[in-house]
Amino acid sequence: MTKLGVNIDHIATVREARKIDIPDPVYAAVIAELAGADGITVHLRGDRRHIKERDVELLSKFIKTRLNIEMATTTEMFEIACKIKPYSVTLVPEKKEEVTTEGGLDVILHQSVLKTLIPEYKSHNIKISIFVDPDNEQIKRCIKLNADIIEINTGKYAETEDERERELELEKIKNAARFAAKSGLKVAAGHGLNYRNVKPIAQIPEIEELNIGHAIIARAIFVGLDKAVREMKELIKKEK
Ligand SMILES: CC(=O)[C@@H](O)[C@H](O)COP(=O)(O)O
Ligand SMILES: NCC(=O)COP(=O)(O)O
């Protein structure tokens with residue numbers, strides 16, 4: 001059974017459009033969990049464009065499943081995580097000017113900071129996930145760094161309009177998932193997945209969890225969050 005982590009960042013995006021207190025991401029997390037979400041994911045960005053500390057503090061108290069916070073590899077984020085103590089932290093790259101995450105974390109380039117940071121997180125009993133492109137060299141480094149989980153970046157697969165390129169990207173993701181699982185890592189995937197493109201990814205046997213946000217929140221505007229989550233849960237069921 002593929003688990004669903006619902007990313008509720010963009011509930012906060014709507015709230016920040018007016019800088020008031022609604023819609024509240026905490027309400028969204030409760031509704032998503034009641035609809036069957038297996039976890040809640042939020043991205044606490046350095047620029048706080050959507051999710052704020054107040055959100056992660058309340059989420060850590062209210063949710064009953066598992067809180068996964070996506071964070072940059074900074075000391076500021078480490079200190080916040082140690083206060084909140086989520087189930088997991090997913091280390092992601094971040095650029096101020098990006099509209100959304102533009103690729104996986106270059107673990108090879110950042111290995112020296114990760115060599116210190118990952119044991120620090122684990123000493124606070126926080127599981128470490130690393131958001132990486134479907135690249136075995138990057139995954140090998142995640143294994144060396146003793147990550148618990150990798151989240152395979154499905155952005156290229158989701159964004160390309162070229163059928164052939166999508167097929168090639170899907171094969172890369174399948175190979176990366178197989179390689180990671182064989183090496184003992186827990187395998188998740190996410191970014192850009194939606195109701196039209198999610199099935200082939202969900203059918204990859206080694207992928208245990210999908211983190212999906214924007215598409216669910218966009219659909220929720222029209223059908224409601226409960227229905228949007230239930231529909232996605234149904235879609236990601238592994239076929240016998
Ligand atoms: C890491 C990733 O793929 C997303 O979960 C990330 O959170 C996207 O950032 P925004 O939610 O700010 O678009
Ligand atoms: N890490 C992926 C995630 O949490 C949600 O990404 P998206 O579905 O909002 O693109």
Side-chain angles (χ1 to χ4, degrees), residues 2-17 25 28-29 32 37-52 55-56 59 63 65-74 77 86-107 110 127-134 138 142 147 149-160 169 173 176-177 186-199 201-202 207-221 225 228-229 231-233 235-236:
T2 310
K3 292 185 185 309
L4 176 63
V6 176
N7 182 316
I8 56 173
D9 289 350
H10 300 299
I11 296 285
T13 298
V14 175
R15 175 187 64 191
E16 293 312 307
D38 301 288
I40 298 297
T41 288
V42 289
H43 186 171
L44 181 65
R45 284 178 169 269
D47 64 12
R48 307 301 193 277
R49 65 180 71 172
H50 41 50
I51 292 290
K52 315 281 186 199
D55 300 325
V56 290
L59 286 167
I63 70 166
T65 57
R66 293 172 318 192
L67 179 59
N68 170 46
I69 308 180
E70 294 172 331
M71 300 181 138
T73 58
T74 59
M77 289 300 153
Y87 171 80
S88 58
V89 160
T90 298
L91 299 174
V92 297
E94 237 177 61
K95 281 193 296 218
K96 243 192 168 21
E97 65 280 8
E98 68 187 9
V99 170
T100 184
T101 304
E102 291 174 347
L105 184 66
D106 186 338
V107 181
H110 298 286
K127 287 195 181 305
I128 281 293
S129 176
I130 304 179
F131 184 70
V132 283
D133 291 332
Q138 292 288 344
C142 293
I149 308 159
I150 61 158
E151 179 174 342
I152 299 174
N153 173 22
T154 53
K156 256 196 192 155
Y157 162 82
E159 284 141 24
T160 183
E169 210 46 41
I173 293 166
K186 186 168 174 255
V187 184
H191 196 78
L193 295 176
N194 60 43
Y195 295 79
R196 290 183 312 284
N197 66 19
V198 71
K199 271 194 144 180
I201 301 290
I207 291 182
E208 298 182 39
E209 179 153 3
L210 296 177
N211 284 306
I212 304 174
H214 188 269
I216 290 175
I217 305 306
R219 191 176 184 83
I221 292 171
L225 184 55
V229 171
E231 288 176 347
M232 187 55 84
K233 278 284 283 184
L235 268 180
I236 67 171

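Order of appearance sets the numbers: ligands from 1, and atoms from 1 within every ligand.
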- Task: Output yes when a side-chain donor or acceptor of N197 lies under 3.5 Å from a complementary backbone atom of G192, and no otherwise.
- Result: yes
- Message: For E16, is there an ion pair with R48 - N to carboxylate O distance below 4.0 angstrom?
- Response: no
- Task: Would you check ligand 2 and list the protein residues that come within less than 4.0 Å of it by any heavy atom, ordered by chain and number?
- Result: N7, T41, E70, E151, G190, H191, G192, N211, I212, G213, H214
- Is the closest basic N to carboxylate O distance between D38 and K233 below 4.0 Å? yes
- Query: For E70, which of T101, V92, L44 qualifies under side chain to side chain contact (heavy atoms under 4.5 Å, CB included)?
  - Reply: V92
- Can you tell me which residues line ligand 1 if we count any heavy atom under 4.0 angstrom from one of its atoms, in chain and number order? N7, D9, H10, H43, R45, H50, E70, V92, T100, T101, F131, H191
- More than 12 heavy atoms of other groups within 6.0 Å of K186 NZ: yes
- So, R15 side chain and H50 main chain: donor-acceptor pair closer than 3.5 Å or not? yes
- Carboxylate-amine/guanidinium contact R45 D47, below 4.0 Å: no
- With T65, the side chain to side chain contact (heavy atoms under 4.5 Å, CB included) member among L67, N68, I63: I63
- Side chain of Y195, backbone of A228: donor and acceptor closer than 3.5 Å? yes
